[in-house]
Structure formats: structure tokens, C-alpha cells
A.B. asks: 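Dropping the structure in here first, questions after.
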Amino acid sequence: MHKKENINLAFNAIKNGNRKAFERLYSDYYEKLCTFLLGYTDDEIIVEDIVQDVFLKIWTNRKKINITTSLNSYLYKTAYITLMGNYRELKKKNNMLSTYYYTALIQASDTDDDEKTSLIKKLKNCIDNLPERSKEVFQENKISGLKYSEVAKKLDISIKTVEGHISRALSFIRSCMH
């Protein structure tokens, strides 16, 4: 029996609800898919979440899935598409959070001096309470005005890691300011 036939039989077993076959698929591909996605981002936490999401979707939708190529191709393509979807959502969220940040700054500039001073102190306190690396990335991007790519190069991290830090920082600041 060929390897492809074995994989097809294994997937048919998964479609029929065989947990052992699913666990075997998970153990065979989890690390491989993580390594593959790490080629696109340095954020191991996001990569692990994406790969777990892929397997969760497979198990949840196992009866509906119809693989026309190989299972191997299906897994890698699904992992890539899920990562890119996550990336697009994160970018949308970052844009929204940046808008909140700038709105807070504009509101602070439209208030009287005492209230402005109070808001600026609160904002400074929120920024000071960020985790060290997020604070550094945030200050380079939002205060120094460097682009994500420039921050990534300066701090020797990926652009996606910069995006993650900015997203977490903006979210933290927004909740801290309220």
C-alpha cells in the first residue's frame, strides 16, 4: 500500500470520528506546520494558535471536508490561509486601535490645560506600565515616528512581531485610559 493510500485511509477514519487517527495526524503534522508558519512570522504563540485552529477546524468539519489534492497539501495550504486571515484581522484591529490612540490625543489637545495635563499624565503612566519590549516598540513607532519596517530593522525583529507588540500596546493603553 502506498503512503498516499495510507493517508487517505487515515483521513477517512478521521471523517468517521476515529480520535486515534486524528491524534496521529496531529502528532505527525503539528511541528511540521509550526515550522512552516515560522517562515512567515517570528511569533511562536500566534503560530501555535493557528496550527491548533487548523486542527480544530479539521475535527469540527471533518464530515464536510473533501480533499481533492493530498492531505499534506491541504494541511499546509489551510495553515497558510488561516495565518494570512489572522494577519489581515490583526492589521484591521491595529488600524482601529491606532485611530483610538490618535482620537485620545486630539481629545486631550481640545481640553483645558488642567484636564490636558491630567490626561497626558494618565497616558504616560499607561505607556510606562506596558511590558518592556512592547513599550520599546510602541515608542519607536508612535512617538519617534518610525515605520513598522524601520522598527523591525532597528530592534532586529520581524514586522509581524512589531505589529503584535503595537496591537497589544494599543489595546492595553485603550483599556488603561478608560
Side-chain angles (χ1 to χ4, degrees), residues 26-27 29-61 74-178:
Y26 184 89
S27 67
Y29 280 93
Y30 180 82
E31 270 190 54
K32 292 176 186 176
L33 291 175
C34 285
T35 303
F36 170 70
L37 293 181
L38 283 170
Y40 295 97
T41 181
D42 292 353
D43 196 330
E44 292 179 20
I45 294 169
I46 288 176
V47 165
E48 289 172 358
D49 286 348
I50 296 293
V51 173
Q52 288 174 6
D53 284 350
V54 166
F55 282 107
L56 180 63
K57 286 177 192 173
I58 288 172
W59 181 255
T60 305
N61 300 313
Y74 176 82
L75 289 169
Y76 281 92
K77 185 175 182 178
T78 302
Y80 176 79
I81 289 169
T82 305
L83 177 68
M84 291 302 116
N86 179 278
Y87 171 73
R88 281 188 292 280
E89 285 300 313
L90 182 63
K91 191 168 184 163
K92 230 186 285 182
K93 182 180 174 188
N94 281 344
N95 289 340
M96 180 184 72
L97 290 172
S98 288
T99 303
Y100 289 140
Y101 172 73
Y102 290 115
T103 302
L105 289 177
I106 289 168
Q107 287 173 345
S109 67
D110 288 344
T111 58
D112 64 48
D113 288 340
D114 289 340
E115 192 176 346
K116 191 184 304 185
T117 303
S118 173
L119 284 172
I120 290 172
K121 280 183 183 176
K122 189 172 185 180
L123 179 59
K124 185 179 180 330
N125 184 47
C126 291
I127 293 170
D128 287 342
N129 285 318
L130 286 169
E132 211 42 53
R133 191 63 159 176
S134 292
K135 181 171 133 182
E136 182 180 17
V137 170
F138 181 83
Q139 288 176 329
E140 292 293 341
N141 175 248
K142 299 298 181 192
I143 297 170
S144 299
L146 296 179
K147 295 179 182 178
Y148 282 11
S149 58
E150 294 169 327
V151 175
K153 188 174 183 176
K154 182 175 182 177
L155 301 178
D156 195 30
I157 56 177
S158 75
I159 293 173
K160 289 184 182 14
T161 302
V162 170
E163 291 169 354
H165 281 295
I166 295 294
S167 177
R168 286 187 293 275
L170 289 170
S171 184
F172 177 81
I173 290 170
R174 187 180 76 181
S175 65
C176 177
M177 291 294 288
H178 288 294

A.B. asks: Which value, rounded to the nearest 0.5 Å, describes the distance between Glu48 atom CD and Asp53 atom CG?
C.D. replies: 12.0 Å
A.B. asks: Assess whether side chain to side chain contact (heavy atoms under 4.5 Å, CB included) is satisfied between Tyr29 and Val51, documenting all intermediate values.
C.D. replies: CA-CA 9 Å; Tyr29 280 93; Val51 173; over 6 Å; no
A.B. asks: Could you list the residues that satisfy salt bridge (Lys or Arg N to Asp or Glu O under 4.0 Å) with Glu136, not counting sequence neighbours?
C.D. replies: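 Salt bridge (Lys or Arg N to Asp or Glu O under 4.0 Å) check on Glu136 returns Arg133.
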A.B. asks: Is any side-chain heavy atom of Leu75 closer than 4.5 Å to one of Leu33?
C.D. replies: yes
A.B. asks: Could you walk me through whether Leu130 and Ile173 pass side chain to side chain contact (heavy atoms under 4.5 Å, CB included), step by step?
C.D. replies: CA-CA 8 Å; Leu130 286 169; Ile173 290 170; 4.2 Å; yes
A.B. asks: Hey, could you give me each pair passing disulfide (SG to SG under 2.5 Å) that has a residue in residues 135-178? Not counting sequence neighbours.
C.D. replies: Cys126-Cys176
A.B. asks: Going by the rule side chain to side chain contact (heavy atoms under 4.5 Å, CB included), which residues pair with Ser149 if we only count those two or more places apart in sequence or in a different chain?
C.D. replies: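 Expected list: Lys147, Ile159.
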A.B. asks: Counting neighbours of CD on Glu44 that are heavy atoms of other residues, nucleotides or ligands and sit closer than 6.0 Å, is the number greater than 12?
C.D. replies: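 Result for CD/Glu44: open.
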A.B. asks: Go through the structure and list residues passing side chain to side chain contact (heavy atoms under 4.5 Å, CB included) with Thr161, not counting sequence neighbours.
C.D. replies: Asp42, Ile157, Ser158, His165
A.B. asks: Distance check, rounded to the nearest 0.5 Å: Ser118 atom OG versus Leu123 atom CG?
C.D. replies: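 Between atom OG of Ser118 and atom CG of Leu123 there are 11.0 Å.
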A.B. asks: Look up atom CG in Leu38 and atom CG in Leu83, then write down how far apart they are to the nearest 0.5 Å.
C.D. replies: 9.5 Å
A.B. asks: Atom CD1 of residue position Ile45 - does it have more than 12 heavy atoms of other residues, nucleotides or ligands inside 6.0 Å?
C.D. replies: no
A.B. asks: Among all residues two or more places apart in sequence or in another chain, which pass the side chain to side chain contact (heavy atoms under 4.5 Å, CB included) test with Ile81?
C.D. replies: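 Listed in chain order: Lys77.
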A.B. asks: Please enumerate all residues that pass ring-ring contact (aromatic ring centres under 6.0 Å, His included) together with Tyr40, with sequence neighbours excluded.
C.D. replies: Phe36, Tyr80
A.B. asks: Which residues satisfy the ring-ring contact (aromatic ring centres under 6.0 Å, His included) test with Phe55, sequence neighbours excluded?
C.D. replies: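 For Phe55, the residues satisfying ring-ring contact (aromatic ring centres under 6.0 Å, His included) (neighbours in sequence not counted) are Tyr26.
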A.B. asks: Rounded to the nearest 0.5 Å, how far does CZ of Arg168 lie from OG of Ser171?
C.D. replies: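 Ser171 atom OG to Arg168 atom CZ measures 10.0 Å (nearest 0.5 Å).
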A.B. asks: Can you name the closest pair of heavy atoms from Lys142 and Ile166 and give their distance?
C.D. replies: CE-CG2, 4.1 Å
A.B. asks: By side chain to side chain contact (heavy atoms under 4.5 Å, CB included), which residues pair with Asn125, not counting sequence neighbours?
C.D. replies: Asn129
A.B. asks: With rounding to the nearest 0.5 Å, note down the distance linking CG in Leu170 to OG in Ser134.
C.D. replies: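 Going from the CG atom of Leu170 to the OG atom of Ser134 covers 10.0 Å.
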A.B. asks: Go through the structure and list residues passing side-chain hydrogen bond (donor to acceptor under 3.5 Å, both in side chains) with Asn61, not counting sequence neighbours.
C.D. replies: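 Checked Asn61 against side-chain hydrogen bond (donor to acceptor under 3.5 Å, both in side chains); zero matches.
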A.B. asks: Can you measure from OG1 (Thr82) to NZ (Lys57) and round to the nearest 0.5 angstrom?
C.D. replies: 3.5 Å
A.B. asks: With salt bridge (Lys or Arg N to Asp or Glu O under 4.0 Å) as the test, would you mind laying out the steps for Asp128 and Lys124 before giving the verdict?
C.D. replies: CA-CA 6 Å; Asp128 287 342; Lys124 185 179 180 330; 3.1 Å; yes
A.B. asks: Under the side chain to side chain contact (heavy atoms under 4.5 Å, CB included) criterion, do Glu150 and Asn141 qualify, and how do the steps go?
C.D. replies: CA-CA 9 Å; Glu150 294 169 327; Asn141 175 248; over 6 Å; no
A.B. asks: Show every salt bridge (Lys or Arg N to Asp or Glu O under 4.0 Å) that has at least one partner inside residues 151-161, sequence neighbours left out.
C.D. replies: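 Found Glu140-Lys154.
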A.B. asks: Okay, side chain of Thr78, backbone of Tyr74: is any donor-acceptor separation there less than 3.5 Å?
C.D. replies: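 Yes, because the side chain of Thr78 sits within donor-acceptor range (under 3.5 Å) of the backbone of Tyr74.
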